[in-house]
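Let me begin by presenting the structure, written as structure tokens, before commenting on it.
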Protein chains: 2
Amino acid sequence: MLSRDRIVAAAIAVIEREGADAVSMRRIAAELGVGVMSLYNHVPNKSALLDAVAETVLSQIEFTDDPAAHWTQRVRMQARAFRQIAHHFPRCTMVVVSRQLRSTAGLLPVERALATLRDAGFDGREAVQMLRVFIAYIVGSLLREVGVTPTFAPVRPDIAVAEVDPALFPMVSAFAPDLMACDHEEEFDFGLELLVQTMAVRAEQAAGHEG
Amino acid sequence: MLSRDRIVAAAIAVIEREGADAVSMRRIAAELGVGVMSLYNHVPNKSALLDAVAETVLSQIEFTDDPAAHWTQRVRMQARAFRQIAHHFPRCTMVVVSRQLRSTAGLLPVERALATLRDAGFDGREAVQMLRVFIAYIVGSLLREVGVTPTFAPVRPDIAVAEVDPALFPMVSAFAPDLMACDHEEEFDFGLELLVQTMAVRAEQAAGHEG
DNA sequence: GTTGACGTACGTACAGCGTACGTGACACGC
DNA sequence: GCGTGTCACGTACGCTGTACGTACGTCAAC
């Protein structure tokens, strides 16, 4: 028996195996051994199916929030939970990121993050700003990591940087070794630590002004 | 006479006017009043055309780098130059971000940024890490701003947050006013300042250890 | 037991897509 | 005049999303 969940699962499988471009209604129907139009009994259209994919992926984030832990540690955990899911569904990440979905699946992480930031001592305005900075950083990092790489950082460093003309790009040439190496986890944690520590300083300032 | 530049310009025009989904070879050919296949005399395929679009948009970033200015100010300027171009070609931003292009157009910003970070006193490793953090933050911010909104932040805040069940999402409900308001420029500058100041601290530490 | 309604799977059909291929018009060096 | 190239173009193929009509199951009411 066909079902929405089975269709979404098949879509995720196809995306992870063959990339987001390979997704077509016919492809997914074939994957499930059913006719194309049968899918439309459970999913209104392709766009909605991709939304469902994004939502499903997002809902699988495992937030093992420990209220007893220091809030900085909780921020780290939450950020890494995002990274982990992107690692688990690398090729779905771009799908998740490129669809602006409005659902409870998307709101749960926000809820958790705001709670943590409130515990850190930020008021509403600051908490939201901090949250947005974090989200921006995480999303940008994941895009680089997933290889969609919006940036100029070395996607295929060996090729990109090695061929650079030192006269035109002296810095890029000089820093080529560092540009080529890219331990995604290390890079992510570097920026994460940067942000968390900055946040800690701000939290103390806020507490100081207040009390 | 048809030319690669005219084709790319037409593609950008179509994207900005009707969105990236509206781009098709036929659509662009019609825009230029030529046959579809004529395009292929100047562009190998659609993918290459979109790459050219990304490259063209990227190359229009205006880096008015002032070597006399303090490096923190130069970092700010460069980051804002990115934001400005995304503002100028909002609907092309997703195209730029989603194609990993390897070209000099993409390397120039990296060159400038590395030079600035070197002036700040960072060695190669640190400079590259800092650069990556900045790129991640900028890319993530622009995605939110452009409305492709990878995040859960309020794309359509009035709708999204207003309907939230306070019992399920107490924090989101409580912070609704702050979540709803989103002055993109202000948010961007907040995070930018956060990063620049953190960077300044690091730079001092690095200088201290060194000298 | 018959009838009708309903949900589900399916096939057909259509407009649109990217692009491989062939054709014809024109400009050039010989 | 005659290859040889470049460029615009038309046709055609296999793909896409999906509107529509159809056929077969199950279940309720009579």
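Hydrogens, waters and symmetry mates are skipped; everything else that's a heavy atom, side chains included, is used. This is a predicted model, so every value here is computed, not measured. Here is the naming used below: chain letters follow the sequence lines, and residue numbers restart at 1 for every chain.
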At less than 4.0 Å, is any side-chain N or O atom of B:S24 found next to OP1 or OP2 of C:dC17? Yes or no.
yes

Once hydrogens and angles are ignored, does a donor-acceptor distance under 3.5 Å link the base of D:dG17 to the side chain of A:R26?
yes

In whole angstrom, what separates B:Y40's OH from C:dG22's P?
17 Å

From C-beta outward on A:K46, which listed nucleotide comes closest to its side chain: D:dT18, D:dC7, C:dT8?
D:dT18

Considering all heavy atoms of both residues, which atom of B:C92 and which atom of B:V53 are nearest to each other, and what is their separation?
SG-CG1, 4.2 Å

Name the closest nucleotide to the A:M37 side chain, picking from D:dT18, D:dT16, C:dG18.
D:dT18

Atom-pair distance (CZ on B:R27; P on C:dC17), nearest Å:
10 Å

note: A:I28, atom CD1; D:dG17, atom C1'; distance rounded to Å ~ 12 Å

Step through the shown structure and confirm whether more than 12 heavy atoms of other residues, nucleotides or ligands are within 6.0 Å of CZ on A:R4.
no

note: A:I7, atom CD1; D:dT18, atom P; distance rounded to Å ~ 13 Å

Between B:S38 and D:dC9, is there a contact of a side-chain N or O with OP1 or OP2 at under 4.0 Å?
yes

Residue met sooner reading DNA chain D from 5', once A:M25 and B:G33 are mapped to nucleotides
B:G33

Side chains of B:Q73 and B:R76, donor plus acceptor under 3.5 Å:
yes

Does a salt bridge link A:R80 with A:D189, judged by any charged N lying under 4.0 Å from a carboxylate O?
yes

Between A:D21 (CG) and C:dG18 (C1'), how many Å, whole number?
13 Å

Test of ring centre spacing under 6.0 Å for A:Y137 and A:F188
yes

Taking only the side-chain nitrogens and oxygens of A:H42, find out if one of them lies under 4.0 Å from OP1 or OP2 of C:dG7.
no

In whole angstroms, how far is the C1' atom of D:dC7 from the CZ atom of B:R6?
13 Å

Does B:N45 have a side-chain nitrogen or oxygen under 4.0 Å from the phosphate oxygens OP1 or OP2 of C:dG18?
no

If you check every side-chain atom of B:V36, which of C:dT12, C:dT19, C:dC17 has the closest atom?
C:dT19

